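Lettering of chains follows the sequences in order, A, B, ..., and the numbering in each one begins at 1. The structure presented is a predicted model; accordingly, all values stated were derived computationally and were not measured.
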Protein chains: 2
Amino acid sequence: MQVRSKIWLAVDGEPVFGSGREALFKAIDRLGSINKAAKDINLSYRKALSYIQTMEQRLGEQLVERKTGGLHGGGAHLTKEAKEFMKKYEQLEEGINEMLDKKFQDVFGKGN
Amino acid sequence: MQVRSKIWLAVDGEPVFGSGREALFKAIDRLGSINKAAKDINLSYRKALSYIQTMEQRLGEQLVERKTGGLHGGGAHLTKEAKEFMKKYEQLEEGINEMLDKKFQDVFGKGN
DNA sequence: CAGCGTTGTGCAAATATGTTATAACGATAG
DNA sequence: CTATCGTTATAACATATTTGCACAACGCTG
């Protein structure tokens, strides 16, 4: 038996950023394309796009700058705001899993 | 903006206990019936039952003792094992939210 | 032995999710 | 100036999953 956890940020109760979106952002940053990023992390382009759209809508700022047409067909890259957001999320996550694992050992480890 | 979290236990990667199931267990304990419990926490009876069944299957022990027929048509109540499980889960959750809220303030509070 | 309210299951409807097709775009090559 | 290319973006379709409803079985009670 293992313990799992998920941390995410919400606006008005609706999720705007979590581990899935973080992975998407990282892939976009690495590959320069929503399409390639989605494939890389095994996500449909549709879902990836709707993630981005709802995030931007709920936060009220652009996170992924995208260009259609042009060299190589276009592409996408993260805005400064998106990178800051990612960084903060990582700080938030930091240490939580370790703490949870420790607690899990305390509670479930010896007794059972 | 708020931070949210979810903690659950898994066996072989498949979830066996989380906040939803905890709420179901509490309602069963209070109402003595899966049916009433499901309605109380806005869950379909089918889903509630499949939760219980998969949990019991994966853990290999009975968690909800149920009787069909008889006084008031039957009913259900938690086994000793289920109550112990709930207690441990609560211990596991304890303090995590407080710690997260504090971290959230640290990271998102002043800067933005 | 009929009535009751529950557990449990089968099936259709509804909803969510995934997949494929296609249009628009604009720099570049020819 | 036109064709090509890979991308963004949307629409239409297909597939899984969830939900809702109906109904049988059960066993205590009056």
Tell me, please, which residues at least two apart from A:Asp101 pass salt bridge (charged side-chain N to carboxylate O under 4.0 Å, His left out).
-> none
Residues that A:Glu65 engages under salt bridge (charged side-chain N to carboxylate O under 4.0 Å, His left out), provided they are two or more places apart | none
Can you give the first and last nucleotides of DNA chain D, 5' to 3', that have an atom under 4.0 Å from a heavy atom of chain B?
-> D:dT19 to D:dT29
Residues in side chain to side chain contact (heavy atoms under 4.5 Å, CB included) contact with A:Arg30, at least two apart in sequence or another chain = A:Ala27, A:Asp40
Any Lys/Arg nitrogen of B:Lys83 or B:Glu90 sitting under 4.0 Å from an Asp/Glu carboxylate oxygen of the other?
-> no
Measure the spacing between CG of B:Leu63 and CZ of B:Arg21 and express it to the nearest 0.5 Å.
-> 11.0 Å
Can you give one letter per nucleotide of nucleotides 4-17 of chain C, going 5' to 3': B for a protein heavy atom under 4.0 Å from the base, S for sugar-phosphate only, - for none?
-> -BBBBSBB------
Check ion pair A:Glu56-A:Arg66 (N to O, under 4.0 angstrom) = yes
With sequence neighbours left out, what residues match B:Glu14 under salt bridge (charged side-chain N to carboxylate O under 4.0 Å, His left out)?
-> B:Arg58
